[in-house]
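We name chains A, B, ... by the order of the sequence lines, and we start the count at 1 in each one. Any value given below was found using the heavy atoms of this structure, including those in side chains, with hydrogens, waters and symmetry copies removed.
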Amino acid sequence: MINIQDIRDTARDMLAKGEARMVIGYRRGTRGMLAEPAFITDPAQADDLVWDPTCFNNLSLYLVHDKKFLAHMRENPKGPVAVVAKGCDARSIVVLLQEHYFKREDVYILGVSCEGAGVVDERKLAPLLNGERPSAAAFDGDDFVFTTAAGEKRLAAREVMADRCLECRAPYPKEHNLVFGEDKTGRQLEAPFAALERFEAQDAGQRWDAWSQHFDRCMRCFACRSVCPMCYCDECVVDSITFPVTAGTTAEEKATRIKWIERSATRSENITYLMTRAMHLAGRCTDCGECERACPVNVPIRMLNNKMEREAREKFGFEPGASIGGPSLVATFLDSDPGQFIR
Amino acid sequence: MSEPQADFEPKIVAFLCKWCSSAGSDLAGVSRIQYPANATPITIPCTGAVSPMYILSAFNKGADGVLVSGCHIGDCHYIEGNYLARRKMHLTMELLKFIGLEPNRFRMSWVSAAEGAKFAQVVTEFVDDVRKLGPQDKLRKVVSQ
Amino acid sequence: MSKKRTGVFVCHCGTNIAATVDVARVAKEMADENTVAFTQEYVYMCSEPGQESVVQAIKDNKLDSVVVTCCSPNLHEKTFRDNAKRAGINNFTCEIANIREQCSWVHADKAKGTEKAIKISRSIVRRVNRNNPLEAIAVPVTKRAMVIGGGIAGIQAALDIANAGIEVILVEKQATIGGRMLQLSETFPTLDCSQCVLSPKMVEVNRHPNIRLMTYSEVQEVGGSVGNFRVKVLKKPTFVDPDKCKICDHCTAVCPQVVPNEYELNLNARRAIYIPYAQAIPASFTLDIDACLGLNPVVCGKCKDVCEAGAIDYDMQPQTVTEDVGAIVVATGFDLYGQENMYEMGGGKVEDVLDGLQFERLISASGATHGHILRPSDHKEPKDVVFIQCVGSRDPAKHCAYCSKICCMYTAKHARLYKKHVPDGRAYVFYIDIRSGGKGYEEFVQRTMEDDDTLYLRGRVSKLYRKGEKIKVMGTDTLTGQNVEIDADMVVLALAMVPSQGTVDIAKTLKIGRDKDGFLAEAHPKLRPVESVTGGIYLAGAAQAPKDIPETVAQAGAAAAKVIALLSQATLNRSPLIAKVRPSHCTGCGMCVEACPFIAIRLENGKAIVNEALCEGCGSCSATCLRAAIDVKNVTQLQIHEMIEACLA
Amino acid sequence: MEKILDKKQIDGWVAALTEHPQGVGRGCNAAEAATTTLWEVHTPALDEGIWTYQPANGTARLDHPNTKQSPKEFAFPQREIFFSFEQIKGEAPRLTQIVPKEQRHAVFGVRPCDGRGVPRMDKVFTDHIEDKYYTSRRKNIAYVGLACNKPPSPNCFCLSVGGSPVSSDGLDVQMTDLGDRYFVKAITETGKAMMAAGGKLFADPSAADQKLLKKTHDDAVAYPQRKINDPDGAPAKLRANFDSPLWQEMAQACIGCGICTFLCPTCHCFDINDEVHNKAPLSGQRVRTWDNCQFPDFTMHSSGHNPREGTGARLRQRVNHKFQYFHENFGMHQCTGCGRCVSECPVGIDIVTVVNKVTEHVG
């Protein structure tokens, strides 16, 4: 069991001693029980930090933001950023390190073990509370306890936990500078890829029926991409939201951007966007599930990434974010890679 | 699988590596081995240069089938390109299958420079398979009014 | 970037294209393309007037780029690029749309053929629209050649190159050079002694100041490209210092280990320490580590004890040496299709059924029987010998589809030599038909049939088996329509020639293609028969296809001439179609660095940098990059994107 | 016109509308009315866990909290084709305008906040310059609203922005849930015609019904909501705090996605693109799609300069547009307090908190 005070003390201490220039963690938001990202630079604010099952956000995203912001400001401040990272988030940091996005010494990983639990899926929770609005959530053994106006409500973790946490194989941040909580790896409540396998049990026609509706719903608000620490490209090849124009950018470069898809959020374009994203995350996605959580129209985006993750694991023996010096999935190969599909 | 549609002519994009499959298709030409005209070749340096984007984009732009063909494993002119391609195309194939696209719409083959007959056979079979599936309207851009 | 002015030149290729492609329509459709300023069709674009008209059109219409829709770029890309240069525009803005091999020759339906030709042409027009003028990259040439394989092909090639003043490294897997030719007794059609013609050449190789011989060595790895290869060669230890060895033969006398002698095709045995044959080059013994009791004086050490010259060194280690060469000749030769594959011929289990090479050793004066024809089982002189041609060849259903080319001739030679050694013997030859194209070849076969009284039976052998002392050969004479049974004392199989294991291995190492039969593939069956598909790698001898000695020597000479021509240039032009980084998009993730097979990309200050000397332009980097930050020049993702569009319009 | 409709009759009314040719859309003249087809009715339905407007299929139920997306897409679809173009090499381009199909749409179950979004969108698309694509759709749409007996979202704050859970602003018909029946009130002439189409399905309200209606409405208004403390002072204070460092601080978590604006009932920014379908001969369509001021490239100049470079500047734009610029232009807050942007923000950016913080900040 993690005592939040330990995290607060560490954060305060690091800031006070100048061991970190910022601590990125979670604090209580202003809209009910949900936690939100907190960016703490003043030791006095360290007591704002919280840790509970609503700490969804993969905060490694903000290491990317920080780097981009500093590049824009042409600032180069000293000292690392300390970041609170769950198992999946820490693996994202490892992938970012693999991809040389920043240096190891630039980040101080305050690992938090999910201790066999995980985060709440709001979509699962809402119907179970019959309209009651919780103001707080906590882990307790195999249950989650929600505080509502009517009192405490205890729900089995299995029922309200996010799929990604139910299936999590590595809820412990292996890569860390400091870690809070015990390593309870192996306590996942569902087999890995269980949701994926349930979906895959359907035939191709059923899968298409489901996906075509999902693709139709997508409005390309790009929340999936924006919330993803791996989607750090300055310009997305599929659909740009920023075109990296530098002093050296030529008129030709501006004129010759490839329009892989149209701006229209139609099915075909949404497919190309979402499928490309899945391809580009293959071997890089650490299954933090933020894309799926952020999606306002419930497109099961995580399943696409999960599919790639499972292929990589089963066919290529690949685990994303396993080690900083590890290989990347699509830039390497093994002699034993499957080739039966090739004629 | 539905019955072959007699009047349906599939549109197929064929990414051929310059060293093996494109040369193999040249050999099919020199040998005058006939095969259907549905596959339009795009010659690329190596299958390793085929980005999954190309496959997705071809389907997006209305391809009924996409073929990627290159050197046999071990024969890559660039040593490793086809190994990289094999992995990437495997993932692409799996992803396309996952969302319910008919697996027969995407094909990869190894055709060496000496395998003119195999090239013709690969294209013939692929065109037949795609023809049976009918037009690809899942990923295709629909120009609506 | 101002709009391109592209000229599209549609070739009829006589009727080769025009018969199944409406060339006028192709030209008309291309004229509709935004960037096309000029179109023209012509009956033979590659002809002198055709090329001249292209030059004229470029000048008259101020064209800056050219698309020629014609045959495969392998044939005329260079022609038309040179032509474009002649007209004053950059050669890399000229591209070929292949509407012959990939279209008119393979489609009979004119409507469909035309549609496809239009798509192909349009895609190339779009590609050219984004082509940038490029200059070939000049790279210095390493003036040194490597010849792999020390048979007659390799020897000839090495000598020819060396005689032109170029240093040659000749790599041979065996302990001696000489190859298959060394195993032959006499050669058709002149019946001169094989070793007698070969030995002087071997000696010349050994003494040649420009030739460095590496026997008992194997090529392990090849990097680089034409003009600048880097080859890793493994020198296996012979445990005998060739400089000290006096070939006194004392060591074999004491060696307790006896193993089959592969040089004699297992017709006799040798010791663990051995010399393949008396005139081996280099003249030195070799200790076969697999056969030896164990390089340990405690275990044996007899050979070392008796060696007065002190040539034996048990501590010799395998050595890997790296050699830089500008060109490579592959002359790795052939093997015979194994008897074990020929179930109908006893599968190699019937005694006294020999293959052609074994028979060569049997009649060779230096062979196991010192030139006496004695059958292996009982050392008696065989009186009825059946020669069977096309064993494994010309049998697409079960074995090799191709004709091994030399068997008709050597079988005739075998029959004649047999009759010479055993004048009262009877020789029978089963054949399908006789192929004796070549100077003096037909006359040679005729003499065998007529003067030497050899019985030629047109037909196949269906079965043979051992019956007592005899081998029962069951066949059909299709000329008389009768079944034939012969009680033979010995049977000689003219087994198909197949690429040697070394050929198979080297093709993988060098990444050069093989044809459907497994022989090394030439760049063009007619016009580039001694070049592999990879620049700077040339082919000689039976590794490329079955051939006889004169042809092999001719091809080796041709390959040597190619090497000499190549290495006589000060610099070579490398394709400028190599990778280029868009620094604005590069995040320095390093995936391209990981994907590059040529170690041509590195990260510097968080951005990828391409080493232009190493990049081969394969595009693995661009397909791996998630942000299109690296592209192959003139094959950019944008170009491919627009080509896809053109194919599907 | 005030009527009572039994809950069981809702499908009957929908059926009557889909079969009734007499309803006249807003601004629809007689000639147009003659060519106008039947109503197409859309009711909220649960699809993959989210409430969306779906074509009525005889199982309408108006027990939704609020739809995930606002009904703005009926008049302002995410994708609008303006015209198609064609050009043969050497010839002048040929344009063919594409006008929205004349089809009437009745949108049921519109919550008061979304209803109040309608006149705000009308202002944007008709003030000074009429956007014909908008108006040609808009005139054929009727909004049948449903009052909120209690806030459908914990992040509702309509009362703070001049609205009310029982507002009928922007609606053609207002319905109030009275348990087993709806109190149905026509707001516009279109609404009356629509109710008339239901004919005998409607009953006249009793005094008890009227009394219950009043109590329901009073209770709804009294139900606690989230609160913007000084909405009236907001425009001036936002103006004063334009350069406040608070913006970047509050937007530090912003990821620049399009959720807040795409779901908003009044966000209306768009982008116009030519979608080329064929290059030779050139053909394609000019298409308007939603755009979003939170996307980093929204104000990106081709030079590479971006006047709203940071998330702070972008958040300020969204908030100021809702609470200052719009107010200055039209005298009303653009925000209608639906709370979607608050509930759906993946990183907890809360416009109520933001406005309160900035307005309470003494700069």
Query - Shortest non-hydrogen contact from D:Cys257 toward A:Ala223 - result: CB-CA, 3.4 Å
Requested in this report: Heavy atoms only, distances under 4.5 angstrom: which of D:Asp271, D:Ile349, D:Asn292 has the most pairs with chain A? Name it, please.
Outcome: D:Asp271
Query - Closest contact, heavy atoms only, A:Ser264 versus D:Arg79 - result: OG-NE, 2.6 Å
Requested in this report: Please name the pair of heavy atoms, one in A:Met219 and one in D:Gln78, separated by the smallest distance, quoted to 0.1 Å.
Outcome: O-NE2, 2.8 Å
Report task. With a 4.5 Å cut-off on heavy-atom pairs, point out which of A:Lys68, A:His214, A:Gln213, A:Arg123 contacts chain D the most. Result -> A:His214
Query raised in the report: Rounded to the nearest 0.5 Å, how far apart are CD1 of D:Ile255 and OH of A:Tyr62?
Result: 6.5 Å
Query raised in the report: How long is the span from the CD atom in D:Gln252 to the CG atom in A:Asp66, to the nearest 0.5 Å?
Result: 8.5 Å
Query raised in the report: Measuring heavy-atom distances to chain A, does D:Glu309 have an atom under 4.5 Å in its side chain, in its backbone, in both, or in neither?
Result: side chain
Query raised in the report: What distance separates A:Cys221 SG from D:Leu263 CG, expressed to the nearest 0.5 Å?
Result: 7.5 Å
Requested in this report: Under 4.5 Å heavy-atom distance to chain A, tell me which part of D:Cys345 shows up: side chain, backbone, both or neither.
Outcome: both
Query raised in the report: Nearest 0.5 Å, what's the CD1-CD distance between A:Ile261 and D:Glu275?
Result: 10.0 Å
Report task. Sort D:Val287 into side chain, backbone, both or neither according to what part of it lies under 4.5 angstrom from a heavy atom of chain A. Result -> side chain
**Report entry** Atom group of D:Pro152 that falls short of 4.5 Å from chain A, counting heavy atoms
**Finding:** backbone
Query - Other residues, nucleotides, ligands: >12 heavy atoms within 6.0 Å of D:Tyr223 OH - result: no
Query raised in the report: chain D heavy atoms under 4.5 Å from A:Leu59: which part of the residue, side chain, backbone, both or neither?
Result: neither
Report task. Assess whether side-chain contact (heavy atoms from CB on, under 4.5 Å) is satisfied between D:Asp297 and A:Glu235, documenting all intermediate values. Result -> CA-CA 10 Å; D:Asp297 74 341; A:Glu235 180 189 342; over 6 Å; no
Query - Residue D:Arg288 versus chain A: region with a heavy atom under 4.5 Å - result: neither
Report summary line: Nearest heavy-atom contact between D:Asn155 and A:Arg31 is OD1-CB, 3.5 Å
Report summary line: Most heavy-atom pairs under 4.5 Å with chain D, out of A:Pro37, A:Ala38, A:Gly29, A:Pro127, belong to A:Pro37
Report summary line: Assert top hit (heavy-atom pairs under 4.5 Å, partner chain A, pool D:Thr52, D:Ile259, D:Thr353, D:Asp47) equals D:Ile259
Report task. Examine the side chains of A:Arg263 and D:Thr289 and answer whether a donor and an acceptor come within less than 3.5 Å of each other. Result -> no
Query - Atom group of D:Val352 that falls short of 4.5 Å from chain A, counting heavy atoms - result: neither
Report summary line: Scored by heavy-atom pairs under 4.5 Å with chain D, the best of A:Phe69, A:Phe39, A:Phe56 is A:Phe39
Query raised in the report: Which bit of D:Thr311 comes within less than 4.5 Å of chain A, counting heavy atoms only: side chain, backbone, both or neither?
Result: neither
Query - Closest non-hydrogen atom pair between A:Asn298 and D:Glu48, with its separation - result: ND2-O, 2.9 Å
Query raised in the report: For D:Asn356, is it the side chain, the backbone, both or neither that has a heavy atom under 4.5 Å from a heavy atom of chain A?
Result: neither
Query raised in the report: Of the backbone (N, CA, C, O) and the side chain (C-beta and beyond), which part of D:Gln294 lies under 4.5 Å from a heavy atom of chain A, both, or neither?
Result: neither
Query raised in the report: When rounded to the nearest 0.5 angstrom, what distance separates CD1 in D:Ile351 from OG1 in A:Thr30?
Result: 11.5 Å
Report summary line: Between A:Asn57 and D:Pro346 the two heavy atoms that sit nearest each other are ND2-O, 3.1 Å
